[in-house]
Each structure stands twice: as structure tokens, then as C-alpha cells.
Amino acid sequence: MSLLEVTDLKTRIRLRSKTVRAVDGISFGVSSGETLGLVGESGCGKTMTGMSIMRLLPSGGEIAGGRIDFDGRDLAGADLKTMQSVRGDQIGMVFQDPMTSLNPTMTIGKQIASPVRLHRKVSKQEAMDRAGAMLTLVGMPRPDQRLGDYPHQLSGGLRQRAIIAMALACQPKLLIADEPTTALDVTVQAQILSLLDDLKGKFGMGMILITHDMGVIAGHTDRVMVMYAGRIVETARTEALFSHMRHPYTEALLASIPHLDQDKTQRLYSIPGLPPDLTSELVGCRFAPRCAHATDICREKEPQLVAAGSDGHLFACHHPIDNSADALANAAQATRSRSASARGVAVAAGRAGTAVLGTASAVRGRARDQRRTGDGTATAPGGNVAGAGVESEAILEFVRTTKEFLVTTRGFLQRRLGVNHAVTDVSLTVRRGETFGLVGESGCGKTTLGRLAVALETPTSGQVLFESTDIFALPRDRLRTVRRGLQIMFQDPYSSLDPRMQVGEIIAEPLAVRGDPPGQRAALVQRLLGEVGLGQGAMSRYPHEFSGGQRQRIGLARALALNPPLIVADEPVSALDVSIRSQILNLMKELQETHGLTYVVISHDLSVVRYIADHIAVMYLGKLVEIGPADDVYSRPAHPYTRALLDAIPVPNPQVEKSKRSIAMQGEMPSAMSPPSGCRFRTRCPRAEERCASEVPELVGFGGEHRAACHFPLEVPVTIATGARPGARDLGARDLGGREWGDENGRLETGH
Amino acid sequence: MTGPAALPLSGGPGTGSVGTTSTDADQPGVGNSAVRLILRTFVENKLAIIGAAVIVLITAFCFIGPQVYHTDQVDPNLLSTNLGPRGSYLLGTDNNGFDILGRLMIGGQSSIEVGFAVAAIATVVGILYGAISGFFGKAVDVVLMRVVDVAFSIPLVFLFIFASRIFQPTLGLLIVLLGLVSWLVPARLVRGETLALKVREYVQAVRTMGGGSARIIFRHLIPNTMGTIVVTATFQVANAVLILATLQYLGFGLPPSEPTWGSMIANGITYLQDGYWWEVYPALVLIVLTVVAFNFIGDALQDSFQVRLRQR
């Protein structure tokens with residue numbers, strides 16, 4: 001018998017006037033030493049399943065039926081006292097957000113020691129010793145000193161380690177990890193996940209890993225349970241699920257993630273619609289309204305879990321996928337084309353032949369291609385600035401831009417504490433009509449750079465040129481007019497729209513600011529709503545009536561209202577579910593073609609940027625470390641940091657993912673208050689030598705426009721080729737004031 | 001256009017309202033659905049309904065009462081002083097022979113007028129002051145908030161004694177003086193909210209559109225502090241009624257020709273030992289009822305606004 005055996009668990013949450021059937025009759029088991037992955041969109045009941053086992057349901061929540069047999073006890077009916085003795089002792093839990101899971105007024109040591117003190121009869125000192133030992137175990141540097149630290153003194157990754165130490169302090173038999181790495185950077189995510197794997201082996205405990213990331217599932221679970229609308233739709237051993245998936249939802253989840261080797265000319269597959277409302281009575285298959293294969297029987301009769309072969313592979317579908325292909329890519333490809341044609345969406349066919357493009361000229365060729373199609377379909381009135389113009393004209397340029405934030409104490413007499421070097425000496429060019437990706441870990445300065453581009457921040461030194469005008473040299477009222485051409489799309493769909501305004505007013509606001517008469521605004525707002533795929537009914541409704549994805553559409557419509565040539569999209573899809581992400585990415589691509597837009601896309605998600613961007617720039621601690629055509633940078637990264645970032649991305653393929661056992665990069669980014677001397681990456685770089693500490697690396701060419709700043713690059717630099725390349729871009733169309741920084745075809749130059 | 005899976009918007013107020021939204025309503029009004037939700041939660045709160053009913057009754061008592069129950073509150077009637085409750089004087093008379101019940105009505109008028117007027121002044125001044133201080137921040141914020149700190153430290157009673165020595169106390173003067181000391185709390189609250197709101201992305205979006213500070217403050221910041229504002233305004237009314245009563249009791253404020261609940265208590269307290277309870281307790285009960293009722297309403301409003309936020 002397994003460690004945990006859940007039978008027909010039903011969890012309800014009573015709201016003011018309705019009841020949510022959060023978990024609706026699920027059964028599963030977890031054995032010691034095994035990791036069960038729980039995957040699905042948000043709101044599908046993953047977290048509630050975990051919370052039901054811990055009996056930590058939100059107010060109004062109750063277990064309405066079923067059994068939770070854990071180690072010989074039924075937790076579903078256990079009293080509070082029993083539960084208190086189980087929580088933290090027998091079952092540990094790790095939450096998503098390391099920033100809010102620790103008590104800021106208690107030292108790390110005390111917090112880790114507290115479950116030990118609660119569950120074991122030990123002295124304070126013994127508990128503290130145990131806390132120290134746990135910190136060592138979770139790989140905390142200088143554990144004895146850390147015991148006395150407060151949570152704010154630790155970085156996100158270290159906090160998550162402390163939380164894991166706390167959860168495991170009593171050596172629980174089961175660990176429930178609810179999105180343990182979602183709030184962390186990819187490089188740190190890889191570290192934490194392998195730490196959890198390690199500890200699971202050491203303690204021989206069972207683990208439930210709740211995540212929305214198929215890549216994480218592929219690499220770190222033994223079995224997977226796919227949940228949809230409170231039910232299990234498919235469960236299998238991890239390898240079997242990825243190679244022989246039967247449920248269309250599983251397939252759709254996988255297909256909607258952009259892979260690193262995604263064909264960029266193809267639209268991403270996206271699951272249409274939204275998960276059902278769990279407060280209403282659901283008839284038939286819950287996925288049927290969004291399923292491409294749904295027939296009448298799906299709408300009438302709910303499918304039961306049936307076995308597919310041996311080894312506990314179960315699925316609930318009337319029309320399972322007959323999947324004999326073992327390669328995952330094929331499956332995804334098949335879905336994409338099948339469902340695309342099913343929905344009658346014209347896929348940009350014929351482009352597939354363009355394949356992976358290595359050279360800059362080829363990329364540009366394709367960009368031109370896109371622009372031509374864009375012109376053909378463009379209906380935007382008001383004279384779209386983009387389009388037919390010069391092929392490689394610069395639209396946005398950073399010229400040795402530096403932004404430093406003074407860090408001071410709060411209050412009346414502010415004491416200067418230091419300088420945060422958010423962006424240091426960055427020069428780069430974004431060309432009209434392209435999508436420019438900015439990537440890096442959080443705190444690398446990519447968001448600051450994006451905010452400089454739309455004049456939400458003022459540079460400390462250097463310039464930002466928009467259409468060849470230094471926007472920060474403009475008088476205030478001129479800037480107000482010019483910045484209409486520079487719009488931004490925000491990350492958080494909840495804080496980017498004023499909750500007190502109707503959607504119609506929100507989208508019309510830029511027009512009101514410009515001084516359009518009210519009569520003209522309505523028609524334009526209607527058109528914009530249509531363009532982003534929302535109905536006219538949206539106008540008089542409030543933001544809280546929309547889902548996250550719909551809100552991002554509203555944000556995009558607002559950004560488009562002034563018909564700007566450039567939109568900065570700051571993590572446009574990070575806050576969204578995978579299935580919704582692809583909808584927004586497709587929409588962004590589509591609008592780029594119809595409006596001739598230039599995008600600067602800021603993201604920590606390299607696969608998203610890879611799919612959408614023509615050129616990318618990688619930043620580390622305020623410095624530009626690598627830049628070039630996206631395909632080139634991804635296929636042969638020259639900087640060790642880029643390599644590490646790419647390696648850290650979880651790939652939704654168990655074979656690949658489980659074979660990478662070495663962690664790409666250790667540690668976390670140092671503080672931007674005191675960046676390391678020389679190359680800022682040297683403290684985490686496996687190739688670092690003495691020279692890296694003393695000498696700041698310059699950007700050197702690696703063929704075409706591909707450049708990286710590293711003393712010991714992974715590729716061989718091509719020093720002459722850049723200048724000799726025929727048909728070099730003519731940057732000299734504009735007089736750069738005799739500056740020396742712009743060599744003839746230099747996409748960018750960084751100083752020292 | 002072939003939008004990727006245009007999400008159907010089920011139901012909704014329909015397309016008929018297109019014209020009304022696009023005319024750019026200059027009052028960033030609280031919308032239908034939001035108001036409806038707030039009202040629904042408010043109505044579900046029984047104490048709030050009781051509070052609202054009490055306020056309606058007291059207001060009717062004070063302003064409609066005198067039309068029904070005629071008494072002479074101008075000329076003292078020395079023939080019928082300190083009479084207990086009886087048929088001709090339902091709540092008895094005071095030491096000047098004024099009918100207590102009638103006097104409670106007249107006295108309540110000034111209490112309610114002062115309460116609402118002070119709350120209005122305090123809220124408007126407080127909102128503007130707090131929003132400007134919070135939005136502009138830096139030196140502006142430091143200076144404006146130190147002014148508030150200083151104003152908070154002025155002893156209230158001293159201020160009123162001082163003022164009543166210089167000016168002839170009138171209802172208007174009392175309102176102004178009470179307003180002067182009451183805006184401090186809303187100012188601090190609104191400033192705090194503004195600090196949190198101004199970094200929201202929708203505020204930054206207005207900047208990128210080229211919108212100015214006035215638009216940000218009046219269209220975005222202030223409407224979003226409405227929840228706090230409405231709640232504090234309610235408590236402000238209760239507070240003003242209480243302060244007024246205290247001042248009147250201490251003898252500062254309106255002349256004896258203009259009765260208030262506070263001055264009635266002060267007047268009657270001398271005779272409490274003689275057992276003339278009707279000269280003190282009815283006024284006291286009315287003060288307590290009014291204040292408690294407003295506090296119930298304020299609490300309920302606070303809960304309602306939180307519910308709306310939770311169900312976003």
C-alpha cells in the first residue's frame with residue numbers, strides 16, 4: 001500500500017451565494033520515494049488538492065466526500081489535533097512565493113527550528129542545531145551565520161531554500177511542493193528542483209510536485225496527473241505520458257508551449273476559450289467546449305477514467321488520441337496543423353521552408369517578407385508610419401545609456417546608502433518592423449531599459465533616440481507629444497487597468513489625452529476591441545469582469561489606440577496560463593503585421609522570446625553581454641551566461657530533461673549595488689580567470705551582427721568578418737554627430 | 001479579422017450602451033456592477049441597515065418633528081420649570097421651562113448639520129491635500145505632511161477656547177473650526193493610498209500617453225481611493241457630532257439661544273442630583289444612537305468595499 005492514498009476526494013468551497021466544486025472526485029496514490037506531478041491550468045484544482053491533503057482549505061472550504069489515507073490514518077475526517085500533529089511533522093509543504101512564506105520578524109534559524117520544537121521534545125539549542133544542519137543540507141552558503149539572519153537579508157532562491165529546510169526539518173514522509181519555483185528565475189529554478197530531487201532521495205519521502213510547467217514535470221516527476229476542472233483527465237508514468245498521451249487536453253497543454261526549436265513562422269497552437277465555471281453543474285466531458293475532437297457524446301456523457309495499456313496509464317476521453325508516434329515533436333506538430341485547419345485559421349504556410357536562419361541578412365530578408373504581407377493587409381487609417389520605408393531604419397537607439405538609482409534611507413533627512421547600477425553603458429539599436437527581445441534574470445536591468453525606452457525613467461547618462469530624436473533632450477510638452485509613439489504593455493493584467501474605469505473609457509483614454517473629440521473616440525475604440533478579439537459588449541464593462549488573458553488584450557488595445565510605431569511589452573505573458581499565453585503571442589504577431597509595429601519584448605522566458613523575437617539582447621547585472629539575431633544567439637551562444645540560461649530552461653521531454661543532471665549555473669546574481677569588478681558575470685562563470693576580474697570585456701563580433709562581451713567566449717570571435725560583410729547595413733543615413741561609437745555596420749558598441 | 005479564438009463575452013449589458021460609454025464621462029463614476037455589488041453586501045449587513053434606519057429616523061425627528069410637535073423654544077416659561085414627563089410635556093421641561101422633546105428636535109438639527117458639513121469639508125480638503133502630497137512626493141510630501149503633524153499636535157479644546165474668545169460663535173464658525181481640525185485624518189489616509197496607487201501600472205500608462213498630473217490625480221488616483229474616502233467620511237460625521245457635543249457640554253460654542261444636545265446635557269447635569277433625569281438622558285441617548293449608527297454604517301461600508309476588491 002502506498003504512503004498516501006486519496007479516494008474519490010471532493011472539495012467544495014462555499015462562496016457568498018454559490019459553491020465551487022474545486023476538486024470533484026479524484027483518486028490517486030503516492031508511494032515513498034516517488035514524485036507525483038500535478039499539472040493543469042490555474043483554477044483546475046491542483047492547489048486545492050494539495051490544500052485538501054493538508055486540510056488547509058480557505059474559509060468556506062470543506063471536504064465533501066472521499067478518503068485521504070495517509071500512513072494508516074484517514075486525514076479527511078481527522079480532528080484538528082491530529083492534523084496539527086501531522087502538518088509539518090509527517091507532511092511538509094513548500095509554497096510558491098518565497099517572499100511571503102517566511103515571517104519577516106523572525107530569524108531564519110528560529111523559523112526552521114519551530115517545527116522541530118513543536119513536534120519533537122527537544123531543547124531550544126538542539127532545535128537550533130537541527131536548523132543549522134538543515135540549512136547545510138539545503139545548500140545554504142555559510143549556514144551558521146544565516147541562522148541569525150532575517151528573511152529580507154536573503155535572496156529569493158536562498159529564501160526558498162530556507163523554506164524547504166523548514167518543511168523538511170522533521171523529516172516528513174510526504175512533501176507537497178506547490179509551484180515551488182514559479183516565482184524564481186530559470187537558473188535558480190534548476191538549482192531548487194535538483195535540490196528537491198536530492199533531498200527526496202536522501203529522506204526517501206514521497207513528493208507531490210504541483211506545477212503548470214510541462215518542462216518541470218518532464219524532468220522531475222515519476223508519475224504525472226493531468227487535472228482539468230477539478231477532475232483527473234489523464235494519469236501515467238512520466239515517460240509514458242509524454243510518448244503516448246491519449247487525452248486531447250494533455251496534448252493541447254504541451255502544444256501551446258513555444259519550444260526552443262519552434263518554427264517561428266507558424267502560429268502557436270492555443271486552446272480556445274477558458275476553463276469552465278466550477279460553480280455550475282457540468283454535463284458531459286468538461287473539456288468538450290474547448291476540444292477540437294468533441295462530438296455529441298462528449299457534450300452529453302462524462303467519460304470515465306479507463307486504462308490504456310498496463311502500468312497505470314488512465315485517461316478519460318471518448319475520442320482518445322491514437323498516438324503511436326513516440327517523438328513528442330511530431331505529436332505537437334500534428335495537433336497544431338490539425339486544430340489550425342479545424343478552426344479554419346490560415347496558417348502562414350509556405351514560410352515553413354525558410355527554416356532556421358543563421359545569417360543576419362536572411363533574417364532581414366524574412367523581416368522584409370513579413371512587412372510586405374503587412375502592407376498588403378494593413379487597413380489602419382491615420383497613416384501608419386511603419387511599412388514601406390527604409391528597410392533597416394533604426395527606430396529606437398540606446399547610446400551608451402546608463403541608469404543609476406540612488407538608494408537612500410526613507411524619511412525626512414535621507415542618508416545615501418549607495419547606488420544601484422540598474423543599466424550600465426548599454427548601446428543597441430532596434431529597427432523598424434522587427435521584434436527585439438530583451439532577456440535576462442530578474443534584476444538584470446531589462447525592465448529599466450524598457451522603461452527608459454518609453455521615457456518612464458530618465459537616464460543618468462547617455463541618450464535614448466526615438467526616430468533619431470533624443471527624447472530626453474526635448475522640452476516637456478514636446479516629449480508629451482513624442483511619447484505617444486512609444487507605448488507600453490505591462491506584465492500584470494490586474495494592475496495595468498484602472499479598476500474604476502469601464503473598458504471603453506480605458507481604451508479611449510489615450511485618445512482623450514490627445515484631445516480627440518468624444519464623438520470620434522467611440523468608433524476607434526470599437527475597432528480596437530475587434531482587433532484584439534473582444535466583443536463590443538466589453539466597452540461598458542469593468543476590468544474585474546475579465547480574465548487575465550482578456551485583460552492583456554485590453555492593455556494591448558489601449559497601447560494601440562495612439563497608433564504607435566513602437567510598443568514595449570514588459571513580460572506580456574508571464575502572468576498568464578500557458579494556454580492563454582499562446583493566444584496573446586499569436587495576437588501580438590498578427591497585430592505586428594497589420595499595424596507594422598516594432599516590438600521590444602522583455603521577458604525572462606527564453607522560449608517566448610525565441611518564438612517572437614528577430615533579434616535578442618541578453619543582459620546581466622545591468623550590462624549587455626550578448627546580442628544578435630535570435631536564431632544565431634540561440635543556436636550558438638558565445639557568452640557562458642547565455643549558454644547557462646538556455647541550458648536551464650526545462651524542456652518538456654523526459655529523456656532530454658532527465659539526462660541533464662549537471663546544473664548549468666550555481667548561485668544567484670549579486671547585488672546591483674556593488675557589482676563585481678571587470679566582467680560582472682565572473683562570480684558565477686565556470687570559465688572565469690584572473691583577467692575577468694580586472695578587465696571589462698568589450699563586445700566582439702561572432703559573425704554578422706552577433707556580438708558578445710566575454711574574454712573566454714564559447715565560440716571563436718570573428719573579428720574582420722563584420723566589417724567585410726557585403727551589403728552591410730547603412731547606419732550612416734543619419735549623422736551621429738561624429739561619434740566614434742557607431743562603426744559602419746555596428747549594431748551596437750559598448751564602452752568600458 | 002481572424003482573431004485567435006475571439007473569446008465570447010457572455011451576457012453583459014449588451015451593445016446598447018456604446019454611446020454612453022464613449023462620451024467620456026468626465027466623472028469617473030463608480031460603475032453599475034461595482035455599485036451593485038457594494039450595495040448588495042451592504043444590504044446583507046443587518047447592523048448597517050439598523051444604522052441607516054436610525055439615521056433616517058433621527059433626521060426625520062429633528063427636521064420634520066418640529067412641524068408636527070409644536071413647542072415654544074424662544075421664550076422661557078418660568079411657570080413650568082423642571083416638570084417631569086406628562087401629557088402636555090411628553091419629556092418634561094428644563095429649568096427654563098422649555099419643552100425637552102421639542103428642544104431635542106431643534107438641538108439635533110445643529111448636530112446633524114454640523115456633522116454632515118464638517119465631514120464634507122474634511123473629506124474634500126483631506127482628499128486634495130493627501131492626493132497632492134502623495135502624488136508629488138519628495139519635498140512637497142515632506143512639507144505638507146509636517147504641516148499635518150504640527151496641526152495634529154494643537155490641543156483641540158485650547159483652539160476652541162481661543163477662537164471663542166476672539167469670535168462670536170456661530171454655527172458657521174463652528175463648522176469651519178471643526179473642519180479645520182478634521183481634515184487631517186482623511187489627508188493622511190488618502191496620502192497613504194496615493195503612495196500605493198501611483199506606482200500602479202495604469203498610472204504609468206497615463207504617463208506614456210502623455211497625460212498630465214491633473215488627469216492622473218483626478219481621473220485615476222482619487223476615484224480609486226473612493227472606498228477609503230466614503231468610509232472615513234462616515235466616521236467623520238460621527239466624530240463631528242461627538243466633538244460638537246463635547247464642546248457644547250464644556251460651554252464653548254453656540255449661545256444658549258441655540259440649543260444643542262451637548263448644551264442640553266450640560267444644562268441638565270446640574271439638576272441630575274435632584275432626580276430630573278429627563279433633562280440629561282434623552283439627549284445623551286440621541287448622541288450615542290447617532291454616533292453608533294454612523295459607526296455601524298462605516299464598518300459595513302468598509303466590509304462592502306473589501307468584498308468588491310476580493311471578487312475582482
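In what follows, chains are A, B, ... by sequence order, proteins preceding strands, each numbered from 1. Please read all numbers here as calculations on a predicted model, not as lab measurements.
Heavy-atom pairs under 4.5 Å with chain B were tallied for A/L486, A/D492, A/L511, A/L562; the largest tally goes to A/D492. Of the listed residues (A/Q491, A/E509, A/R558), the one with the most heavy-atom contacts under 4.5 Å to chain B is A/E509.
In this structure, the side chain of A/R551 engages the main chain of A/P543 through a donor-acceptor pair within 3.5 Å. Of the possible polar contacts, none joining the A/Q552 side chain to the A/G549 backbone as a donor-acceptor pair under 3.5 Å is found.
If you measure heavy-atom distances from A/R514 to chain B, you find no contacts under 4.5 Å at all. Only the side chain of A/L456 comes within contact range of chain B, with heavy atoms under 4.5 Å apart. Heavy atoms closer than 4.5 Å to chain B are found in both the backbone and the side chain of A/V454.
Chain A is approached within less than 4.5 Å, heavy atom to heavy atom, by B/Q204, B/A205, B/V206, B/R207, B/T208, B/M209, B/G210, B/G211, B/G212 from residues 203-212 of chain B, ordered by number.
Looking only at atom types and distance, the side chain of A/S540 has no donor-acceptor partner in the side chain of A/Q502 under 3.5 Å away.
A salt bridge links B/D149 to B/R146: one of the charged nitrogens lies within less than 4.0 Å of a carboxylate oxygen.
Sorted by first and then second residue, the salt bridge (charged side-chain N to carboxylate O under 4.0 Å, His left out) pairs with a member in residues 131-143 of chain B read B/D141-B/R191; sequence neighbours excluded.
Between A/Q583 and A/Y269, the closest side-chain pair of non-hydrogen atoms is not below 4.5 Å. Within the 4.5 Å cutoff, the side chain of B/L195 has no heavy atoms near those of the B/F135 side chain.
The cationic atom of A/K589 (NZ for Lys, CZ for Arg) lies less than 6.0 Å from the six-membered ring centre of A/Y611 and within 45° of the ring axis.
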